[in-house]
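Chain naming here is simple, since letters A, B, ... match the order of the sequence lines and numbering starts at 1 in each.
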Protein chains: 2
Amino acid sequence: MQPAGGSKRVTITDVARSAGVSTSAVSKVLRNAYGVSPAMRERVQSAMTELGYRPHAAARGMRGRTYTIGVLLASIRNAFYADLLEGVDARLRDTEYALFIGSSGSSEMEDQTKLIHAMVDRQMDGLILIAPAVPRSEVVRIAAGVPTVVIGHHDPSPAYDCVVNQDGAGVDLVIDHLVGLGHRDIAHLSHPTVRGSQWKQRPEHHVRAAYREAMARHGLADLARVVHSGYSDEGGYRGAMELLTSAHPPTAIFAGADVAATGVFRAAAELGLRIPGDLSLAGYNNTSVAALAPVSLTSVDQAGAMMGETAARLLLERLEKRRDRAVVMASTPHLVTRDSTAPPGA
Amino acid sequence: MQPAGGSKRVTITDVARSAGVSTSAVSKVLRNAYGVSPAMRERVQSAMTELGYRPHAAARGMRGRTYTIGVLLASIRNAFYADLLEGVDARLRDTEYALFIGSSGSSEMEDQTKLIHAMVDRQMDGLILIAPAVPRSEVVRIAAGVPTVVIGHHDPSPAYDCVVNQDGAGVDLVIDHLVGLGHRDIAHLSHPTVRGSQWKQRPEHHVRAAYREAMARHGLADLARVVHSGYSDEGGYRGAMELLTSAHPPTAIFAGADVAATGVFRAAAELGLRIPGDLSLAGYNNTSVAALAPVSLTSVDQAGAMMGETAARLLLERLEKRRDRAVVMASTPHLVTRDSTAPPGA
DNA sequence: ACCCCCTCGTGGAACGTTATACGAACCCTG
DNA sequence: CAGGGTTCGTATAACGTTCCACGAGGGGGT
């Protein structure tokens with residue numbers, strides 16, 4: 001009945017004794033393996049509930065799986081990651097697996113490496129890495145030992161599965177929208193490239209390239225301008241300051257992440273520029289911040305929850321050995337227009 | 001050298017063989033236990049680095065500690081929790097402990113109970129529970145087996161340590177500020193009380209009581225109004241709608257959480273009310289949302305990072321057996337005034 | 001020279017689970 | 001009713017670590 005407060009833990013042996021069977025039998029019931037009669041299953045199960053038995057995950061980890069899945073993310077503050085997590089959690093909710101999050105606090109390579117190893121050391125059964133900053137070769141090595149799904153990066157590998165967004169299409173939506181409103185001088189805020197990460201196709205690379213292409217497609221290649229001040233509030237602020245105090249300030253800014261867009265708001269406020277009157281602003285990811293009434297930011301929706309759910313599903317397929325070939329799942333983004341974009345000089 | 005990709009893991013036995021000593025000796029070095037000569041330590045350590053040895057956490061978990069600390073939180077979306085986590089992480093950063101987050105997605109009692117048990121099953125060495133929704137008796141039972149720190153609730157216990165904020169003082173700051181601006185009709189948005197949780201002193205209870213007291217102190221007891229629509233964007237929206245469309249709409253709203261305040265913004269926008277012109281608004285927790293330029297919300301700062309750091313410190317003290325008496329740490333809040341509050345009818 | 005104690009290292013028994021190998025029934029078929 | 005297969009249950013050896021108990025060697029003190 002009671003899960004044994006501070007005293008001894010109820011083990012498989014206790015259950016076996018109480019049910020009058022061997023520990024192997026209990027183990028079989030636990031894993032619902034072959035060769036257990038309905039009668040025995042019944043007895044064992046009632047013994048388990050009566051004693052309040054819970055399997056000892058560490059002991060399981062020594063022999064097989066731990067029924068634990070780890071998610072690595074750079075910052076718990078990025079609301080988009082929360083969307084992803086929600087999806088992952090939803091898919092895992094009624095499985096036996098528990099979900100634990102490792103947050104590196106920063107996107108420092110070293111911290112993330114430590115965290116991933118911590119997960120591997122704890123024998124986690126599967127890993128979901130959200131836009132990892134660790135070198136690609138390291139991820140490949142890890143993935144050789146533990147089923148792994150990478151979210152965000154477009155570099156596929158036979159070692160892990162990928163869940164990505166068709167970032168190119170998302171960027172087209174934004175630029176087409178802004179050009180359609182009459183903007184020509186549209187700048188882009190991007191994220192600096194990390195040296196030595198070996199990832200050639202991080203989301204920001206895709207977005208950046210797509211931005212240049214879209215501008216060129218509209219005959220605006222000369223007006224394309226990219227500032228690599230980073231996906232953060234502070235980065236958005238600095239980038240916007242640089243752009244808006246330049247000789248030819250843009251009439252619209254496309255930020256590669258909503259969180260950077262919030263920094264643009266701050267810069268605009270300081271410079272006395274109204275949004276969208278004096279400056280149109282678009283973000284990316286359609287996080288919950290974008291939807292806030294005082295913010296009302298036009299943004300590209302990536303269906304984070306769906307991506308998370310997909311990632312979890314792919315992982316389960318691997319864990320249950322229903323698939324042994326790596327796949328890439330790409331989803332289609334769509335644009336959510338709000339009050340931060342308007343015709344120039346409106 | 002290489003951490004063994006998919007093949008065999010390097011174990012303590014391999015290290016022992018390579019160093020020409022017994023496994024017990026290696027174990028001693030690992031735990032830096034008594035009785036190892038500098039010479040042996042040197043040999044073992046170089047063998048470990050050469051082989052790329054990493055201790056198997058699950059195996060450790062069977063005998064002793066797992067060097068894992070779990071944090072339970074209701075929602076990863078609450079930015080205040082991110083502040084707390086940052087503090088916890090900072091304190092644990094250069095210890096041997098790894099930090100994993102369990103997010104229940106909702107504040108459902110059942111989900112949280114499952115998560116806490118998942119942590120205990122995995123033999124985590126210590127638990128930090130942020131405003132847990134599980135019954136108090138359950139937490140006491142858990143805490144009897146695993147060192148535990150509870151953040152938020154003001155109900156102390158000999159079983160666990162508490163880290164709280166002096167919520168009463170925080171509320172006084174808000175109400176004094178609003179009254180000082182000339183407001184009299186100040187309403188409060190609170191969180192509904194969960195039945196059967198056994199926690200008598202959840203933060204929202206403290207805040208609510210302090211609100212009533214502060215109003216009474218200013219002779220405004222008759223004007224005190226509380227709506228229990230919940231600490232969420234939607235809850236804030238519904239509560240504000242109810243208040244603002246009533247016969248006597250308040251001139252100021254004090255939301256018990258910033259996240260609820262964002263919902264008030266939405267309601268005000270829909271009703272064509274300007275903030276702070278037609279309505280003053282104050283939040284609680286001073287999360288990063290409050291600081292966003294377009295939001296600029298007056299809020300009470302709780303020094304989340306500091307609280308998190310304190311919690312981690314208390315836990316380490318317990319883990320290292322430097323203390324065996326439960327303590328309560330309370331910190332002092334302060335008010336951050338921004339653009340969302342102004343004299344009524346300004 | 002004897003004894004005692006301290007230091008450093010080893011042996012080996014746990015810890016709770018899984019999974020393989022095996023044995024004892026039982027059922028069917030000829 | 002012998003032979004063969006299926007079904008159900010058990011015995012037992014891992015898995016990688018910790019830590020207690022023990023012993024060998026060496027350095028004083030008497």
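- Judged purely by atom type and a 3.5 angstrom limit, B/R43 uses its side chain to pair as donor or acceptor with the backbone of B/A19.
- Contacts of A/Y97 classified as ring-ring contact (aromatic ring centres under 6.0 Å, His included), with partners at least two apart in sequence or in another chain: A/Y67.
- From one end of the helix from C/dA1-D/dT30 to C/dG30-D/dC1 to the other, with five pairs defining each end axis, the axis direction shifts by 40° (rounded to 10°).
- Contact detail for A/S104 and B/R93: the closest heavy-atom pair is O-NH2, 4.1 Å.
- By the salt bridge (charged side-chain N to carboxylate O under 4.0 Å, His left out) test, A/R17 pairs with A/D14, sequence neighbours left out.
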Taking distance alone, no hydrogens or angles, what donor-acceptor pairs closer than 3.5 Å link side-chain atoms of residues 147-156 of chain A to residues at least two apart or in another chain?
unit_1: A/T148; atom_1: OG1; unit_2: A/V146; atom_2: O; d: 2.7
unit_1: A/H153; atom_1: NE2; unit_2: A/P132; atom_2: O; d: 2.8
unit_1: A/H154; atom_1: ND1; unit_2: A/H206; atom_2: ND1; d: 3.4
unit_1: A/H154; atom_1: NE2; unit_2: A/D167; atom_2: OD2; d: 2.9
unit_1: A/D155; atom_1: OD1; unit_2: A/Q201; atom_2: N; d: 3.0
unit_1: A/D155; atom_1: OD2; unit_2: A/K200; atom_2: N; d: 2.9
unit_1: A/D155; atom_1: OD2; unit_2: A/Q201; atom_2: N; d: 3.4

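- Residues from residues 29-41 of chain B with heavy atoms under 4.0 angstrom of DNA chain C, sorted by number: B/Y34, B/G35, B/V36, B/S37, B/M40.
- Legend: residues meeting side-chain contact (heavy atoms from CB on, under 4.5 Å) with A/M62, ordered by chain and number and at least two apart, are B/A59, B/M62.
- Among residues two or more places apart in sequence or in another chain, the side-chain hydrogen bond (donor to acceptor under 3.5 Å, both in side chains) test is passed with A/T13 by A/T11.
- Looking at B/Q123, its side chain never comes within 3.5 Å of a backbone N or O of A/A58 through a donor-acceptor pair.
- Annotation: salt bridge (charged side-chain N to carboxylate O under 4.0 Å, His left out) contacts involving residues 308-320 of chain A, sequence neighbours excluded, comprise A/D161-A/R318, A/R313-A/E317, A/E317-A/R323, A/E320-A/R322.
- Nearest heavy-atom pair, A/H117 versus B/R54, reported as atom, atom and distance to 0.1 Å: CB-NH1, 2.9 Å.
- For the side chain to side chain donor-acceptor pair (under 3.5 Å) condition, the pairs that include at least one residue of residues 25-42 of chain A, sequence neighbours left out, are A/S27-A/R31.
- A 4.0 Å heavy-atom criterion places the boundary nucleotides of DNA chain D facing chain A at D/dT7 to D/dG16, written 5' to 3'.
- In the model, B/R122 has no side-chain atom that pairs as donor or acceptor with a side-chain atom of B/T68 under 3.5 Å.
- The nucleotide range of DNA chain C contacted by chain A, defined by atoms under 4.0 angstrom from heavy atoms of the protein and reported 5' to 3', is C/dG16 to C/dA19.
- Atoms CZ and CG, on B/R91 and B/L99 in that order, are 13.0 Å from each other to the nearest 0.5 Å.
- Using a 4.0 Å heavy-atom criterion, one finds that B/S27 contacts the bases of the nucleic acid, with or without backbone contacts as well.
- Side-chain contact between B/R60 and B/L30: present, with at least one pair of heavy atoms (C-beta onward) separated by less than 4.5 Å.
- Contacts between residues 17-24 of chain A and DNA chain D, defined by a heavy-atom separation under 4.0 Å, are made by A/V21, A/S22, A/S24.
- Atoms CG and OG1, from B/L316 and B/T95 in turn, are 6.0 Å apart once rounded to the nearest 0.5 Å.
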